[in-house]
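These notes are about the structure you will find just below.
Excluded from the calculations below are hydrogen atoms, water molecules and symmetry mates; all remaining heavy atoms, backbone and side chain alike, are included. Atoms within a ligand are numbered from 1 in the order they appear, just like the ligands themselves. Bear in mind the structure is a predicted one, so any value in this text is a computation, not a measurement. The first residue of the sequence shown is numbered 1, and numbering continues consecutively from there.
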Amino acid sequence: MTTPATVPVPDPGPDTDALMWITARPDLVFVEGRGSWLTDHRGKRYLDFVQGWAVNCLGHCPPVVARALADQAQRLINPSPAFFNEPAARLARRLAEVSSFDRVFFANSGAEANEGAIKLARKWGRLHRGGAYEIITFENGFHGRTLATMSASGKPGWDRLFAPQVPGFPKARYNDLDSVEALIGPDTVAVMLEPVQGEAGVVPAEPGFLQALRDLTRQRGLLLIVDEVQTGVGRTGSLFAHQRAGIEPDVMTLGKGIGGGVPLAALLAREEICCFEAGDQGGTYNGNPLMAAAGLAVLGTVLAPGFLDAVVARGETLGRGLADLSDRLGLGGERGAGLLRALVLPDPMAPAVVEAARTLAPEGLLVNAPRPNLLRFMPALDLSEPEVDRMLVMLEEALRAVGGG
Ligand SMILES: *Cc1c(COP(=O)(O)O)cnc(C)c1O
């Protein structure tokens with residue numbers, strides 16, 4: 001018996017059915033990444049302007065991070081958070097040196113770092129503000145997906161999701177100082193915000209607003225907490241986005257970029273605010289040397305001479321290119337800072353553009369749509385000019401494919 005000629009069937013890829021469903025995902029499995037490029041199980045390549053949600057600040061599998069992880073994995077992975085380890089101590093020292101903060105608590109995700117900031121503020125309020133616990137946060141803000149950080153977030157609908165909420169997070173309007181002042185009461189202990197609202201659609205805080213907020217919180221004896229999980233570690237062209245406004249907050253959280261792709265986050269605070277007592281804060285994996293080694297590799301790279309200048313330059317190229325595309329196709333303009341940028345579309349067509357970009361052939365493009373009428377771009381911070389140009393060409397093709405412009 002002869003074997004019949006087989007018609008090639010599309011490779012179904014690995015079986016993913018045992019994974020818990022949390023969201024619709026495209027029918028592909030990524031198997032490899034390098035720099036700004038990802039490869040799926042069929043061998044198709046994608047130019048990646050999502051980078052694990054702004055996580056891979058040095059692109060996919062940066063050799064400097066891979067080496068740091070491999071070296072550290074052979075020395076010490078986790079002695080337990082009850083003991084000091086060298087990489088965590090060095091990374092904390094380095095972060096304190098390059099910021100206006102004195103001490104660091106390491107966490108495993110942005111949400112966890114923000115939970116830590118909330119706990120620290122509540123503890124400080126108990127000790128120094130007669131039990132004040134309310135933290136003023138902002139409409140459309142995003143601080144994570146734990147119960148407290150969802151409550152702190154101002155995403156429409158999240159106040160009913162998983163109700164009851166954690167109380168104590170009144171919402172002010174972004175870039176509106178009066179709306180903050182109106183919420184301050186005897187129970188207020190802090191104001192917490194993103195220097196650029198990322199998930200809300202890359203909406204920057206005006207420098208004047210941040211400065212006025214710093215003055216106001218100082219006058220009223222409140223803490224100013226900046227959530228730099230998305231904006232920190234060079235994303236906006238300065239090491240931390242709040243530095244662009246020339247302010248010194250009391251507390252800052254980092255996540256995403258600080259680990260270069262691995263789970264690392266941090267809570268930083270000025271000395272006077274650090275008031276945790278034994279047992280208040282901790283976690284099995286917090287400050288483990290393996291992730292800290294990755295953080296050291298990332299920070300060393302981002303702080304190398306010229307790195308942030310290049311981020312600013314690439315950001316300007318990307319911004320100009322998006323503005324030009326918007327003009328030519330009659331779209332709604334672009335905004336952002338450094339390499340955190342957005343293109344505003346005239347209709348709620350962003351999900352269709354994301355799909356069209358990903359399915360371009362022979363190579364796809366990955367972009368993200370945090371809002372139905374808005375595309376977000378958060379490429380590797382060390383991407384090349386040709387990669388920016390290439391993205392713009394592919395994006396135009398995708399926009400035209402869905403009738404944008
Ligand atoms: C992504 C993000 C978080 C949550 O970080 P996770 O690591 O996903 O928990 C918090 N705040 C901001 C501003 C973010 O962009």
Inset, instruction - Give the contacting part of F142 toward ligand 1: side chain, backbone, both or neither, where contact means a heavy-atom distance below 4.0 Å. - result: both

Inset, instruction - Output the list of atoms in ligand 1 that are nearer than 4.0 Å to some heavy atom of H143, sorted by atom number. - result: 10 (C), 11 (N)

Inset, instruction - Report, in ascending order of atom number, the atoms of ligand 1 lying under 4.0 Å from any heavy atom of S109. - result: 7 (O), 9 (O)

Legend entry - Atom CZ of R358 with >12 non-hydrogen neighbours under 6.0 angstrom: yes

Inset, instruction - Step through the shown structure and confirm whether more than 12 heavy atoms of other residues, nucleotides or ligands are within 6.0 Å of CG on L127. - result: yes

Legend entry - Atoms of ligand 1 close to N114 [distance to a heavy atom under 4.0 angstrom, numbered from 1]: 10 (C), 11 (N)

Inset, instruction - Could you check atom 4 (C) of ligand 1 against the protein and tell me its nearest heavy-atom contact, residue, atom and distance included? - result: A111 N, 3.7 Å

Legend entry - Closest contact, heavy atoms only, L339 versus L383: CD1-CD2, 3.9 Å

Legend entry - Distance-minimising heavy-atom pair for T149 and I118: CG2-CD1, 4.3 Å

Inset, instruction - Check the angle between the aromatic planes of W124 and H128 and answer parallel, tilted or perpendicular using the 30° and 60° thresholds. - result: tilted

Inset, instruction - Quick one: look up the protein heavy atom nearest atom 14 (C) of ligand 1 and list residue, atom name and how far away it is. - result: K256 NZ, 2.9 Å

Inset, instruction - Using a strict cut-off of 4.0 Å, indicate which atoms of ligand 1 neighbour a heavy atom of D227. - result: 10 (C), 11 (N), 12 (C), 13 (C)

Inset, instruction - Give the numbers and elements of all ligand 1 atoms closer than 4.0 Å to a heavy atom of E194. - result: 13 (C)

Legend entry - F209, CZ: over 12 other non-hydrogen atoms inside 6.0 angstrom: yes

Inset, instruction - Name the closest protein heavy atom to atom 6 (P) of ligand 1, giving the residue it belongs to and the distance to 0.1 Å. - result: G110 N, 3.4 Å

Inset, instruction - Using distance alone, decide if ligand 1 has a nitrogen or oxygen within less than 3.5 Å of any nitrogen or oxygen in Q230. - result: yes

Inset, instruction - Work out which heavy atom in E363 is nearest to a heavy atom in K44; give both atom names and the distance. - result: C-CE, 4.0 Å

